Amino acid sequence: MVQQLDGARRAPLNRDRVLRAAVALADHAGVDAVSMRNLAQELGVVPMALYKHVANKEELLDGMVDVIVGEIDPPADGADWKSAIRQRILSARRALLRHPWSSRVIESRPKPTPVVLDYLNSIVGMFRAGGFSVDLTHHVMHALGSRVWGFTQELFPASPLPEDPEVQAAAFRELAGRYPHIAEIAMAAAHEDESVVGQGCDDDFEFAFALDLLLDGFETLHRQGWTSRGALS
């Protein structure tokens with residue numbers, strides 16, 4: 001094992017190896033642990049050796065995003081626009097779920113890299129290949145927002161429930177007394193037990209549900225020949 005590790009450390013250093021090591025470090029220790037010093041230690045090199053491949057921490061983070069985007073499945077051959085976009089976005093979600101820190105880093109990037117632009121360009125191209133006008137495509141991309149990457153801000157952030165059933169029941173009674181409508185939907189989850197994330201909703205189901213609503217709505221607008229000029233008049 002030690003010989004294998006030593007062999008890995010002696011492998012030639014290149015940009016791809018540096019970026020993948022940074023992704024692995026973030027997966028293991030969290031993205032806040034990713035620094036040039038810590039990464040150099042993981043790779044068994046001096047920090048200055050990294051600067052031949054990434055200019056600084058910001059470029060490193062950009063490259064880490066590129067690695068994640070590279071894990072997204074390519075567009076499906078022969079699929080209609082709706083199926084192709086759905087498959088691509090759900091693949092993006094699976095990629096981001098493998099790296100829980102990645103959505104935070106994607107949101108932090110001030111300028112998209114060519115790899116990121118290639119992905120966005122492919123999504124736009126799928127709408128255009130489906131016959132969508134430039135006008136409608138512009139607005140549907142705004143509507144998708146971060147969902148195009150496979151994540152979105154939850155309306156009700158999940159919080160752990162008390163383990164004690166009596167305390168849990170008391171908490172629900174207090175919620176119902178003060179916020180009856182929120183409590184009503186919170187206690188109405190009807191997903192299968194094995195698909196429930198924590199003690200709340202099935203996050204994957206809710207994501208796909210909203211994505212399908214959006215895609216169906218986009219299809220309706222497309223068939224109606226919707227334009228933003230007509231919508232604003």
Side-chain angles (χ1 to χ4, degrees), residues 65-66 68-97 102-158 179-192 195-197 200-233:
V65 170
D66 287 349
I68 306 305
V69 175
E71 296 181 8
I72 301 173
D73 293 338
D77 292 332
D80 62 277
W81 70 266
K82 189 193 291 188
S83 297
I85 291 170
R86 186 180 195 275
Q87 174 265 334
R88 196 97 152 100
I89 291 177
L90 292 181
S91 176
R93 178 170 176 79
R94 291 191 295 271
L96 266 65
L97 288 175
S102 55
S103 60
R104 173 181 161 195
V105 175
I106 287 172
E107 289 183 309
S108 74
R109 301 295 81 213
K111 183 179 179 182
T113 66
V115 172
V116 168
L117 289 173
D118 282 342
Y119 172 71
L120 294 175
N121 187 66
S122 77
I123 299 294
V124 171
M126 290 178 197
F127 281 114
R128 295 288 288 131
F132 280 52
S133 67
V134 173
D135 179 37
L136 179 55
T137 303
H138 171 91
H139 292 287
V140 301
M141 291 299 290
H142 274 293
L144 282 171
S146 66
R147 198 174 296 276
V148 79
W149 293 111
F151 72 92
T152 186
Q153 179 64 47
E154 289 296 334
L155 179 60
F156 298 110
Y179 309 107
H181 300 305
I182 293 176
E184 183 179 37
I185 66 169
M187 291 185 278
H191 306 307
E192 297 294 332
S195 69
V196 172
V197 177
C201 298
D202 180 336
D203 290 347
D204 289 336
F205 176 89
E206 302 300 348
F207 182 89
F209 174 74
L211 177 61
D212 288 338
L213 284 179
L214 285 169
L215 294 176
D216 287 347
F218 299 158
E219 183 176 38
T220 297
L221 293 176
H222 172 48
R223 287 176 175 174
Q224 293 174 346
W226 182 93
T227 68
S228 59
R229 179 175 297 180
L232 296 175
S233 61

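Computed over heavy atoms, backbone and side chain alike; hydrogens, waters and symmetry mates excluded. Everything quoted here is computed from the prediction, not taken from an experiment.
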### Query
Heavy-atom distance under 4.5 Å between the side chains of Trp149 and Val69, does that happen here?
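Yes; the side chains approach each other to less than 4.5 Å.
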### Message
With heavy-atom distances below 4.5 Å as the criterion, would you say the side chains of Leu211 and Leu144 are in contact?
### Response
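Yes. Closest side-chain heavy atoms under 4.5 Å.
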### Query
Hey, which of Asp212, Asp216, Asp80 is the one that makes salt bridge (charged side-chain N to carboxylate O under 4.0 Å, His left out) with Arg86?
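Filter result, single survivor: Asp212.
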Closest heavy-atom contact between [X] and [Y]?
| X | Y | answer |
| --- | --- | --- |
| Ala92 | Val148 | CB-O, 4.1 Å |
| Val116 | Pro112 | CG1-CB, 3.8 Å |
| Ser91 | Glu71 | OG-O, 4.4 Å |
| Leu96 | Ser102 | CG-OG, 3.3 Å |
| Arg147 | Thr152 | NH2-CG2, 3.4 Å |
| Gln87 | Ala76 | OE1-N, 3.5 Å |

### Task
Please state whether the rings of His138 and His142 are parallel, tilted or perpendicular, taking 30° and 60° as the class boundaries.
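It falls in the perpendicular class, over 60°.
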### Query
So Phe127 and Trp81, would you call those rings parallel, tilted or perpendicular, with 30° and 60° as cut-offs?
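It falls in the tilted class, 30° to 60°.
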### Message
Testing the 3.5 Å rule here: is there a donor-acceptor pair between the side chains of Asp135 and Ser228?
### Response
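Judged by distance alone, the side chains do pair up.
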State the [atom1]-[atom2] distance between [X] and [Y], to the nearest 0.5 angstrom.
| X | Y | atom1 | atom2 | value |
| --- | --- | --- | --- | --- |
| Ile89 | Asp73 | CD1 | CG | 13.0 Å |
| Phe218 | Thr137 | CZ | OG1 | 10.0 Å |
| Ile85 | Leu214 | CD1 | CG | 11.5 Å |
| Met126 | Asn121 | CE | CG | 10.0 Å |
| Asp66 | Asp118 | CG | CG | 9.5 Å |
| Gln224 | Leu136 | CD | CG | 10.5 Å |

